Amino acid sequence: MIRRVIMSCHDKTGLVDLARLLAEFGAEIISTAGTMDVLENAGLAPASIGDYTGTEEMLGGRVKSLHPKVHAGLLGVRDSKLHAEQMQAHDFPWIDMVVVNLHPVEELIAQPGVTSEEVIEQIDIGGSAMIRSGAKNFRYVTVATAPSQYSVLMHELRAYEGAVTYATRYRLAQDAFAHTARYDAVIARYLEQLEPPAE
């Protein structure tokens with residue numbers, strides 16, 4: 001059962017429909033600022049990730065979701081007594097789904113006149129970290145990284161009364177690691193072709 005979801009999406013395609021269905025099944029939705037605006041405009045009531053963690057976005061947005069409450073909620077082994085006790089001691093709840101798609105750095109790189117500083121500033125750290133945390137813990141966590149995956153998720157949520165099957169979680173985890181690998185490879189190739197910047 002999906003009880004808690006984090007949504008942080010550059011591409012908002014199909015997001016409202018997925019969020020609305022999750023809300024119908026009683027899921028708590030937590031989101032970053034841009035995604036929150038879209039969901040609120042659609043009549044939904046997500047919590048901001050800053051309110052959820054108790055730490056507002058900082059460093060010009062560089063730090064939003066890099067917080068133990070987020071990653072413990074994603075990485076915790078639900079069947080582990082130790083993990084459950086530590087989560088309870090910190091009052092950290094489990095997080096069952098991550099819906100994150102990253103800023104298309106490859107498209108930014110292709111734009112004429114874009115500077116290396118602009119590209120580097122747009123490299124997504126928190127989103128990639130959440131994707132990887134959720135994908136590592138696919139036994140319990142569902143990870144979606146593209147709007148093309150939402151129809152499958154919505155079908156399963158309806159078919160299984162707010163849950164996603166293990167087979168789908170596993171397949172989505174494979175996609176998630178492939179997604180972050182491609183993302184990192186694009187950045188690595190870009191940095192290789194640059195002259196090393198001055199210190």
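Values in this document were obtained by computation on a predicted structure and should not be read as measured data.
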Intermediate values then yes/no, side-chain contact (heavy atoms from CB on, under 4.5 Å), Tyr52 and Glu28: CA-CA 11 Å; Tyr52 180 73; Glu28 176 189 2; 4.2 Å; yes
Evaluation steps, salt bridge (Lys or Arg N to Asp or Glu O under 4.0 Å), between Glu24 and Arg20: CA-CA 6 Å; Glu24 286 174 13; Arg20 189 169 282 130; 5.9 Å; no
Test log, rule side-chain contact (heavy atoms from CB on, under 4.5 Å), inputs Tyr190 and Leu108: CA-CA 11 Å; Tyr190 176 73; Leu108 182 63; over 6 Å; no
Connected via hydrophobic side-chain network under 4.5 Å: Leu44 and Met154: yes
Within 6.0 Å of CD in Gln88, more than 12 heavy atoms from elsewhere: no
Test item: Arg4 side-chain N/O and Asp96 main-chain N/O as donor-acceptor pair under 3.5 Å: no
Leu18 vs Val5 side-chain heavy atoms within contact, under 4.5 Å: no
side-chain contact (heavy atoms from CB on, under 4.5 Å) assessment of Tyr150 paired with Thr13: CA-CA 10 Å; Tyr150 299 170; Thr13 305; over 6 Å; no
Same apolar cluster (I L V M F W Y, side chains within < 4.5 Å links), Val152/Tyr160: no
Note, Leu74 side chain near Asn137 side chain (heavy atom, < 4.5 Å): no
Cluster link Val16 to Met36, ILVMFWY, side chain under 4.5 Å: no
Pairwise distance CD1(Ile187) to CG(Asp124) - rounded to 0.5 angstrom: 8.5 Å
His71 side, atom NE2; Ser133 side, atom OG - distance, nearest 0.5 Å: 5.0 Å
Spatial distance of atom OG1 (Thr168) from atom CG (Asp175) [nearest 0.5 Å]: 10.5 Å
Co-membership, hydrophobic cluster, residues Val100 and Leu15, 4.5 Å side-chain: no
Min side-chain heavy-atom separation Phe25-Leu157 under 4.5 Å: yes
CZ (Arg132) with more than 12 external heavy atoms under 6.0 Å: no
Same cluster (ILVMFWY, side-chain, under 4.5 Å), Ile2 and Ile29: yes
Considering all heavy atoms, the nearest Val164-Met97 contact: CG2-CE, 4.2 Å
Nearest-0.5 Å distance that lies between atom CG in Leu21 and atom CZ in Arg158: 5.0 Å
Sub-4.5 Å side-chain heavy-atom contact between Val186 and Glu107: no
Reported NE2-to-OG distance for the pair His179 and Ser128, which is rounded to 0.5 angstrom: 7.0 Å
Donor-acceptor pair, side chain of Lys136 and main chain of Leu75, under 3.5 angstrom: no
Heavy-atom pair of closest approach, residues Leu102 and His10: O-CB, 3.9 Å
Min side-chain heavy-atom separation Glu106-Ile109 under 4.5 Å: no
Atom CD of Glu161: over 12 foreign heavy atoms under 6.0 Å: no
Over 12 non-hydrogen atoms of neighbours within 6.0 angstrom of CG in Asp79: yes
Nearest atoms (heavy-atom pairs only) where Met1 meets Ala163: N-CB, 3.8 Å
Nearest heavy-atom neighbours spanning Gln149 and Ala144: OE1-CA, 3.2 Å
Heavy-atom closest pair, residues Gly76 and Tyr140: O-CD1, 4.1 Å
Verdict with reasoning, Tyr183 to Val105, per side-chain contact (heavy atoms from CB on, under 4.5 Å): CA-CA 8 Å; Tyr183 187 81; Val105 172; 3.2 Å; yes
Shared-cluster residues of Phe92, by chain and number - hydrophobic side chains joined below 4.5 Å: Met87, Trp94
Any donor-acceptor pair under 3.5 Å from Thr35 side chain to Cys9 backbone: yes
Check: Gln122 and Pro104 side chains under 4.5 Å, non-hydrogen atoms: no
Straight-line distance of Leu39 CG to Met7 CE, nearest 0.5 Å: 6.5 Å
CZ (Arg3) with more than 12 external heavy atoms under 6.0 Å: no
Shortest non-hydrogen contact between Ile30 and Ile49, atoms and distance: CG2-CA, 3.7 Å
